[in-house]
Amino acid sequence: MPNTQDAQPVVAGSASCLVVDDEPGVRRSLVRMLEAQGFHCHEAGSGVEALAVLDRIGEPPLIVSDMRMPEMDGIGFLEAVRDRYPDTSVIMLSGLSETTTAVDCLHRGAADFLLKPISMSELQARVARALEKRALVLQNRYYQETLERRVHEQAQRIQELFLQGVQMLARALEAKDAYTRGHSIRVSRYAVATARSMGFEGGSLDGIRLGGELHDIGKIGTRESVLHKPGTLTADEFRQISEHPVLGERMLSPLARESPDVLRIVRSHHERLDGRGFPDGLRGEQIPIEARIVAVADAFDAMTTRRPYRESRPPDQAMAELRRVAGTQLDPEAVEAFVAAHAWSEQVA
Ligand SMILES: [Fe+2]
């Protein structure tokens with residue numbers, strides 16, 4: 001037997017409780033005992049009446065109910081209460097010593113089961129124990145929900161800080177080179193406009209925006225002498241530069257769970273439809289669609305800006321070149337969507 005003397009005295013204050021018993025004498029006596037413990041009591045003479053009272057007063061912390069009542073028996077009432085007011089502690093009372101009924105009540109979620117006649121001290125101790133358990137359950141749930149929310153908020157903040165860091169890195173990387181300044185932001189804008197005209201929306205556009213902005217982040221690991229070399233690259237230099245998609249994907253691995261599309265863009269923006277791209281030699285639809293879109297935007301921006309090894313081309317020539325390599329290097333649908341989006345933005349400008 002648990003030592004009921006150790007139970008915390010309940011601080012009922014103005015807490016309400018509902019007493020349900022079809023015998024007015026028993027009900028009054030229960031009400032007196034509970035009022036002495038500080039409860040504000042509501043009364044009902046049957047399960048049906050009790051449910052009507054609950055409809056009116058809302059969810060009380062405590063219900064003390066008889067088992068044998070007309071209209072709806074104690075078990076039926078207990079089930080209805082558990083269903084509608086799961087945070088209420090229900091203590092069941094019975095005049096009959098039936099083990100199976102007691103077990104049944106506890107099994108169906110009653111906080112306790114008491115046999116009549118009940119002494120004041122016993123009732124008060126059992127009530128205190130039931131309410132202490134209820135308070136712990138509610139507290140536990142509160143802590144769990146608060147903790148989950150805080151963990152989520154902190155994870156989001158960590159990701160934000162990480163993103164700010166890599167965005168600053170991407171800009172720092174471009175700022176060192178007059179030829180590529182603004183490249184990532186333009187690629188990002190072109191890619192988003194293209195994706196939008198292909199029907200992308202919401203979160204997938206956000207992924208493309210960020211992927212466009214960070215697509216070359218892996219170049220941070222490429223030597224500047226190679227990055228800015230005006231002439232043709234040697235095989236070794238080409239190997240070094242072609243490592244940037246994989247390196248970039250590795251750098252951005254903290255985004256793997258929340259933004260896998262960003263990682264796909266970074267890894268696959270140099271793949272070609274004919275399988276002659278890098279790093280994986282993917283073909284056609286094996287190449288993630290987001291990466292195919294960014295590849296078009298990347299190619300257009302590279303052609304329309306001046307590079308150490310060549311002059312820039314006018315937009316209409318660059319567009320014609322995109323169409324010429326559509327189907328071998330670039331995705332034809334993405335190229336057409338880009339051309340359409342670009343024509344529309346020109347009209348608006
Ligand atoms: Fe690249």
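Ligands are counted one by one from 1 in listed order, and the atoms in each one are counted from 1 as well. Side chains included, hydrogens not; waters and symmetry mates left out as well; all remaining heavy atoms used.
- When distances to the Fe ion (ligand 1) are checked against a cut-off of 2.8 Å, D216 contributes an N, O or S atom below that limit.
- To the nearest 10 degrees, the angle centred on the Fe ion (ligand 1) between NE2 in H270 and NE2 in H244 reads 90°.
- Per residue H269, closest N, O or S atom to the Fe ion (ligand 1): atom name NE2.
- D21 is listed as a side-chain neighbour of K116, based on a closest heavy-atom distance under 4.5 Å.
- Between E145 and R149 there is no salt bridge, since none of the side-chain N atoms of the basic residue sits less than 4.0 Å from a carboxylate O of the acidic one.
- Between E174 and R171 no salt bridge is recorded (no basic side-chain N to carboxylate O distance below 4.0 Å).
- For the pair S259 and D261, the minimum side-chain heavy-atom distance is below 4.5 Å.
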